[in-house]
Enquirer: 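Handing you this structure, nothing more for now.
Values reported hereafter were calculated over all heavy atoms of this structure, with side chains retained and with hydrogens, waters and symmetry mates removed. Naming convention: chains lettered A, B, ... in sequence-line order (proteins, then strands); numbering from 1 in each chain.
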Protein chains: 2
Amino acid sequence: MARKTKAEAEQTRHRIITCSRQVFSRAGVTNTSLEEIAHEAGVTRGAVYWHFKNKADLFLAVRAETGRLLKLERTGPGDALQRLERGLLVALRRLEDDAEARASYEVMLWKCEYVGEFSAVRDDLMGAGAAFLADASHLYQEAKTAKLLPLWLEPEVAALETLCFYAGLLKIWLADPTGKLCRSQAAAAITQHVRSRRAGTLRSASAKRS
Amino acid sequence: MARKTKAEAEQTRHRIITCSRQVFSRAGVTNTSLEEIAHEAGVTRGAVYWHFKNKADLFLAVRAETGRLLKLERTGPGDALQRLERGLLVALRRLEDDAEARASYEVMLWKCEYVGEFSAVRDDLMGAGAAFLADASHLYQEAKTAKLLPLWLEPEVAALETLCFYAGLLKIWLADPTGKLCRSQAAAAITQHVRSRRAGTLRSASAKRS
DNA sequence: ACCTTTACATACATGTCTGTATGTAAAACT
DNA sequence: AGTTTTACATACAGACATGTATGTAAAGGT
């Protein structure tokens, strides 16, 4: 077989990653052989082993290519709670629109066993969680300073609560393809989650954006 | 080898389940062979195949033996929100105290790929989630009737939010053995989660139990 | 134009796991 | 007491995945 150009090689590499995600989400990470992935990508295992050390390395690449779903803007339009809500809603929308991201997270949350080398991905996931915690804490702190929050609310605890809420929402949302349990009300849950933090009943239906 | 009495047989069956949980939590479900489980339990694969159809069946038994962590009391002492909080805290405490339950949930949430026959366990998990949703909705409805909640809060959405929060807390808690990220503040997060629902700032530090 | 490296395909050797079939001795039943 | 069933242990055959070793033809550099 003719040797491929660098661009073509990079293309194959990307194709292998994409196909991996697909097969992983069908059969689970451990149950898929590199042979299946290679077949799906129209290559042989030789190609897979050329681009990746082993299956764990490949899975890492899938994770890396997907990146984080949730990112908060520490500064920007609207008050801190509005920015928080927006971040959560944007993440949800990406989950709905981006089929590849959806598949990636389905694999990471439901179709993978975090053991041995694979623990690296879980650690990365938890690292993302820690980063979110920092950002959310910052936003809650800002909101507290702006007197948007009840006095007794501790920003760091609130951030942890939001992290847990989001993590659980993601996991349940992915396992609820009929939408009966969670998907239909996911956005409402996010809105209400943020709203239930606003101090007192001062704010009623006003959610104006600046 | 001498045939065992019924009681002894039941004992081996239970031992196989317990050892499965242990090995699963070490190596992940897919990566553990029935041979390993049998060895750990001091029997051969013959015994495992006698008691269980296959690995999925065995995993189902582990799940069944563990049962649910979270149960809400629709009636009982305290108002609806207090009962909700108590349910959440009791579940957290069991997670801390009951090593077997902890291992089971670690396996179910981090060490298993829900594919093929294993999907049954995920469906069961989601069924438990749906049951929780029903109970929590009931409690929130009761709380709303008792004017404990802000007027705009919808009981069903609030229940979903609590379900997500709890699911995420469970998952993150299990992946945070150092305690830095989540474990140290888990109870506080639960308390604050429930508290942030109470209407206005009417209730400050009073959390009296009747 | 030559040489080296690349980007794979092919072939192989090995280990491992699964399911089933068969053996067996004692428990449990009649 | 005799027969049947139970609760395993043992043995076997087949499938499959992995990692590596080797081949190869063209790309890319000089």
Enquirer: Hey, does Leu88(B) have a side-chain heavy atom less than 4.5 Å from the side chain of Thr162(B)?
Expert: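 Answer yes - side chains close enough.
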Enquirer: List the residues meeting salt bridge (charged side-chain N to carboxylate O under 4.0 Å, His left out) with Glu156(B), not counting sequence neighbours, and say none if there are none.
Expert: none
Enquirer: Any N/O pairs under 3.5 Å between the protein and nucleotides 1-5 of chain D? List them or say none.
Expert:
{"unit_1": "dT5(D)", "atom_1": "O2", "unit_2": "Arg3(B)", "atom_2": "NH1", "d": "3.1"}

Enquirer: Over how many whole Å does the gap from Glu117(A) atom CD to dT18(D) atom P extend?
Expert: 12 Å
Enquirer: Decide side chain to side chain contact (heavy atoms under 4.5 Å, CB included) for Tyr140(B) and Leu81(B); before the verdict, give the C-alpha distance in whole Å, the side-chain angles of both, and the deciding distance to 0.1 Å.
Expert: CA-CA 7 Å; Tyr140(B) 278 124; Leu81(B) 290 181; 3.8 Å; yes
Enquirer: Just to verify, what does Tyr105(B) make a ring-ring contact (aromatic ring centres under 6.0 Å, His included) with, not counting sequence neighbours?
Expert: none
Enquirer: Between the protein and nucleotides 14-19 of chain C, which nitrogen or oxygen pairs come in under 3.5 angstrom?
Expert:
{"unit_1": "dT18(C)", "atom_1": "OP2", "unit_2": "Leu34(B)", "atom_2": "N", "d": "3.4"}
{"unit_1": "dG19(C)", "atom_1": "OP2", "unit_2": "Tyr49(B)", "atom_2": "OH", "d": "2.4"}
{"unit_1": "dG19(C)", "atom_1": "N7", "unit_2": "Arg45(B)", "atom_2": "NH2", "d": "2.6"}
{"unit_1": "dG19(C)", "atom_1": "O6", "unit_2": "Arg45(B)", "atom_2": "NH2", "d": "2.9"}

Enquirer: Can you tell me if Thr5(A) touches the phosphate of dG28(D), counting only side-chain N or O atoms and a distance under 4.0 Å to OP1 or OP2?
Expert: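 Indeed, a polar side-chain atom of Thr5(A) lies that close.
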Enquirer: Quick one: Phe52(A) CZ to dA7(C) P, roughly how many Å, whole number?
Expert: 13 Å
Enquirer: Could you pull out all residues at least two apart from Ala146(B) that satisfy side-chain contact (heavy atoms from CB on, under 4.5 Å)?
Expert: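 By the side-chain contact (heavy atoms from CB on, under 4.5 Å) rule, Ala146(B) matches Leu148(B).
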Enquirer: For DNA chain D, determine which residues of residues 7-21 of chain B have any heavy atom closer than 4.0 angstrom to one of its atoms, and list them numerically.
Expert: Ala9(B), Thr12(B)
Enquirer: Once you round to the nearest 0.5 Å, how far does CD1 of Ile17(B) lie from CZ of Arg13(B)?
Expert: 4.5 Å
Enquirer: Are any of Trp50(A)'s side-chain N or O atoms less than 4.0 Å away from OP1 or OP2 of dA7(C)?
Expert: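 Answer yes for this pair, as a side-chain N or O of Trp50(A) is under 4.0 Å from OP1 or OP2.
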Enquirer: Taking only residues two or more places apart in sequence or in another chain, which ones pass salt bridge (charged side-chain N to carboxylate O under 4.0 Å, His left out) with Arg102(A)?
Expert: none
Enquirer: Not counting sequence neighbours, list each pair that qualifies as a side-chain hydrogen bond (donor to acceptor under 3.5 Å, both in side chains) and has a residue in residues 40-55 of chain B.
Expert: Arg26(B)-Glu40(B), Asn54(B)-Glu117(B)
Enquirer: Could you pull out all residues at least two apart from Glu73(A) that satisfy salt bridge (charged side-chain N to carboxylate O under 4.0 Å, His left out)?
Expert: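 Once residues adjacent in sequence are excluded, the partners of Glu73(A) under the salt bridge (charged side-chain N to carboxylate O under 4.0 Å, His left out) criterion are Arg86(A).
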Enquirer: Excluding sequence neighbours, so at least two apart, what forms salt bridge (charged side-chain N to carboxylate O under 4.0 Å, His left out) with Arg83(A)?
Expert: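 Only Glu142(A) meet the salt bridge (charged side-chain N to carboxylate O under 4.0 Å, His left out) criterion with Arg83(A).
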Enquirer: Taking ring-ring contact (aromatic ring centres under 6.0 Å, His included) as the definition, give me every residue that meets it alongside Tyr114(B), ordered by chain and number, with sequence neighbours left out.
Expert: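 Residues passing ring-ring contact (aromatic ring centres under 6.0 Å, His included) with Tyr114(B): Trp110(A).
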Enquirer: Specify the angle, to 10°, made by the local axes at the two ends of the helix from dA1(C)-dT30(D) to dT30(C)-dA1(D) when five pairs are taken at each end.
Expert: 30°
Enquirer: Using 0.5 Å steps for rounding, measure from the CZ atom of Arg63(A) to the CZ atom of Phe59(A).
Expert: 9.0 Å
Enquirer: Ignoring backbone atoms, establish whether His51(A) has a side-chain N or O less than 4.0 Å from OP1 or OP2 of dA7(C).
Expert: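 Answer is no, no contact under 4.0 Å.
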Enquirer: State which residue, out of Val121(B), Leu174(B), Val29(B), fulfils the side-chain contact (heavy atoms from CB on, under 4.5 Å) condition with Met108(B).
Expert: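 Looking at Val121(B), Leu174(B), Val29(B), the match for Met108(B) under the side-chain contact (heavy atoms from CB on, under 4.5 Å) is Val121(B).
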